[in-house]
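Written below as structure tokens is the structure these notes are about.
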There are 2 protein chains.
Amino acid sequence: MKKKKKNENSSKIFKYHDHEACFGDAITLIEDYFIEKKLQLTPLRRKVFEILIEDHKPLGAYEILDKLGKAGFSSSPPIAYRVLDFLMEHGFVHKVQGLNAFIACSNPEHSHFPTFVICRKCEKVAEVSDDKTRLNLSSPEITDFKIEKTTIELTGICSTCENAEIR
Amino acid sequence: MKKKKKNENSSKIFKYHDHEACFGDAITLIEDYFIEKKLQLTPLRRKVFEILIEDHKPLGAYEILDKLGKAGFSSSPPIAYRVLDFLMEHGFVHKVQGLNAFIACSNPEHSHFPTFVICRKCEKVAEVSDDKTRLNLSSPEITDFKIEKTTIELTGICSTCENAEIR
DNA sequence: CATTACATGTTATAACATAACATAATTGTA
DNA sequence: TACAATTATGTTATGTTATAACATGTAATG
């Protein structure tokens with residue numbers, strides 16, 4: 001194959017992106033962040049992040065554990081959950097609640113208010129930057145409530161899968 | 001007690017509401033809906049809905065099962081999950097993903113795009129009507145994606161709990 | 001009153017997540 | 001360097017949430 005296929009999926013939202021560049025950028029980003037914050041980017045943490053970046057789709061904790069095991073790491077459940085919690089705290093991983101799965105954050109600015117678009121058929125997931133789909137969080141009803149975290153997930157069907165559906 | 005306490009919680013979002021009226025209204029609403037749609041509002045389904053309306057807060061499936069058991073119904077897991085799925089399909093129950101819990105829908109219009117505001121301390125949950133906090137769903141990035149369901153949950157701390165916090 | 005669809009019952013197990021405690025590595029500091 | 005404190009990982013056990021698969025019962029339709 002001379003060149004990568006430009007786009008297997010015609011949906012704009014799941015559009016092609018340069019994965020090698022993405023991977024390298026993400027690693028650099030997390031390395032710099034950890035140095036700056038004086039955190040330990042241990043082999044385990046790095047591996048978990050790499051697994052998620054490589055797959056570039058949501059993985060269940062036990063899928064991650066399998067991959068850790070195959071890579072020679074311990075693979076008892078708390079290992080994965082602890083590292084995932086840690087990476088989530090620092091914005092490098094998000095949990096996709098609708099899938100009980102975890103995905104590497106694709107937003108270098110570490111938005112705390114990510115929006116996920118999830119196709120229920122192909123299970124592709126896109127993280128949409130929060131300035132694109134924005135909640136009106138200034139509603140008077142919620143002014144005396146301090147939002148610390150948001151879960152915004154839009155589930156449906158992408159145009160590719162819809163076109164393929166018979167019904 | 002002569003009159004109900006007006007408001008134990010000062011947060012506007014978790015404001016007082018007339019629970020007896022709410023309960024009656026909700027039952028009438030579901031009865032009418034089931035008749036209109038020619039669905040069976042069986043004793044089991046009615047009971048599950050009543051349990052959720054009475055508590056008026058999110059309950060886990062196994063909490064619901066306990067209450068079903070105490071009321072003389074079968075209490076094996078599929079019982080609850082099946083009825084909850086059914087009630088969710090028809091918009092009378094929502095799942096609060098952040099709590100793995102289920103709550104009766106408080107919106108007579110059965111909005112398919114509910115927003116939940118969840119206090120992480122007192123675990124109170126408010127359903128905010130979707131015209132109050134609205135996502136910009138017309139973003140060009142998601143125009144070729146058909147949204148069927150949304151999960152919008154705002155987790156944080158309500159003013160009552162924040163005032164009570166020491167730190 | 002039979003047939004079909006719908007609803008519930010039951011057993012077993014899958015999938016997801018954490019508690020509690022042990023050990024090891026790293027960092028700060030006397 | 002040696003010590004203490006903190007941070008990170010390892011391990012066992014168990015808790016919690018959810019579904020598969022199949023059996024039985026009940027209601028609606030022709």
Side-chain angles (χ1 to χ4, degrees), chain A residues 30 33-52 58-90 92-103 120 123 151 153, chain B residues 30 33-52 58-90 92-103 120 123 151 153:
Chain A
I30 196 172
Y33 178 93
F34 271 58
I35 290 167
E36 195 210 315
K37 298 266 178 169
K38 298 187 175 166
L39 301 169
Q40 301 178 49
L41 185 55
T42 60
L44 178 62
R45 287 171 179 169
R46 176 185 283 265
K47 185 69 192 174
V48 170
F49 186 66
E50 284 176 0
I51 287 168
L52 289 171
L59 294 178
Y62 283 71
E63 290 179 273
I64 294 165
L65 279 171
D66 276 356
K67 288 171 190 278
L68 284 177
K70 282 167 189 160
F73 292 87
S74 168
S75 62
S76 55
I79 294 292
Y81 284 104
R82 276 192 299 229
V83 171
L84 289 167
D85 282 348
F86 183 86
L87 293 173
M88 282 194 290
E89 268 171 33
H90 294 281
F92 289 93
V93 167
H94 296 299
K95 181 168 186 184
V96 181
Q97 293 282 0
L99 302 172
N100 289 323
F102 302 86
I103 189 166
R120 64 161 160 77
E123 294 218 331
T151 300
E153 299 179 4
Chain B
I30 197 172
Y33 178 93
F34 271 57
I35 289 167
E36 197 210 315
K37 298 265 176 171
K38 298 187 174 162
L39 301 170
Q40 301 178 51
L41 186 55
T42 61
L44 179 62
R45 287 170 180 170
R46 176 185 284 265
K47 187 67 194 176
V48 170
F49 186 65
E50 284 176 0
I51 287 168
L52 287 171
L59 294 178
Y62 284 73
E63 289 179 274
I64 294 166
L65 279 170
D66 276 355
K67 289 173 190 277
L68 284 177
K70 281 167 188 160
F73 291 87
S74 169
S75 61
S76 55
I79 294 292
Y81 284 104
R82 274 192 300 232
V83 171
L84 290 168
D85 282 348
F86 183 85
L87 294 173
M88 281 194 290
E89 268 169 34
H90 293 282
F92 289 94
V93 167
H94 296 297
K95 181 168 186 185
V96 181
Q97 293 282 357
L99 302 172
N100 288 323
F102 303 86
I103 189 166
R120 64 163 160 75
E123 294 217 332
T151 300
E153 299 179 5

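Numbered from 1 within each chain, the chains take letters A, B, ... in sequence-line order.
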C/dA17, D/dT11, C/dT8: which one has an atom nearest the side-chain heavy atoms of B/R45?
C/dT8

Report the relative orientation of the aromatic rings in B/Y62 and B/Y81; use parallel for angles under 30°, tilted for 30 to 60°, perpendicular for over 60°.
perpendicular

Could you check which of D/dA18, C/dA17, C/dT11 has an atom nearest any side-chain atom of A/N100?
C/dA17

Once you round it to whole Å, what is the distance between P of C/dT10 and CG of B/L65?
13 Å

From NZ of A/K47 over to P of D/dT9, roughly how many Å is that when rounded to an integer?
15 Å

Can you measure B/Y81 atom OH to C/dG9 atom P for me and round it to whole angstrom units?
17 Å

Reckon B/Y62 touches a base, only the sugar-phosphate, or nothing at all at heavy-atom distances under 4.0 Å?
base

Nearest-Å distance, CZ (B/F34) to P (D/dA27)?
16 Å

Which sits closer to the 5' end of DNA chain D, A/P77 or A/F86, going by the nucleotide each is nearest to?
A/F86

Sugar-phosphate, base or nothing in reach of A/T42, heavy atoms under 4.0 Å:
sugar-phosphate

State the CG-NZ distance between A/N100 and A/K95, to the nearest 0.5 angstrom.
5.0 Å

To the nearest Å, give me how far apart NZ (B/K95) and P (C/dC16) are.
11 Å

CD1-CG distance between A/I79 and A/L65, expressed to the nearest 0.5 angstrom:
8.5 Å

Between D/dG10, C/dT26, C/dA17, which nucleotide has the shortest distance from any of its atoms to the side chain of A/I79?
D/dG10

Closest nucleotide among D/dA18, C/dT8, C/dT18 to the B/A61 side chain
D/dA18

For A/E153 and A/Q97, indicate whether the former's side chain and the latter's backbone hold a donor-acceptor pair under 3.5 Å.
yes

B/Q40 side chain, from C-beta outward: closest of C/dC6, C/dC16, C/dT10:
C/dC6

Regarding the side chain of A/P78, the nearest nucleotide among C/dA7, C/dT18, C/dA17 is C/dT18

Using atom CZ of A/R82 as one end and atom C1' of C/dC21 as the other, report the distance to the nearest whole Å.
11 Å

Just how far, in rounded Å, is P of C/dC16 from CD of A/E63?
8 Å

Length of the line joining B/D85:CG and D/dT17:P, which is rounded to integer Å
16 Å

B/L39 vs B/S75, nearer the 5' end of DNA chain C by closest nucleotide
B/L39

From the candidates D/dA21, D/dG10, D/dA18, the one with an atom nearest any side-chain atom of A/L44 is D/dG10

Should the ring pair A/F34 and A/H90 be called parallel, tilted or perpendicular, given that the plane angle runs from 0 to 90° and is split at 30 and 60?
tilted

Is B/S76 touching bases, backbone alone, or none of the nucleic acid, heavy atoms closer than 4.0 Å?
base

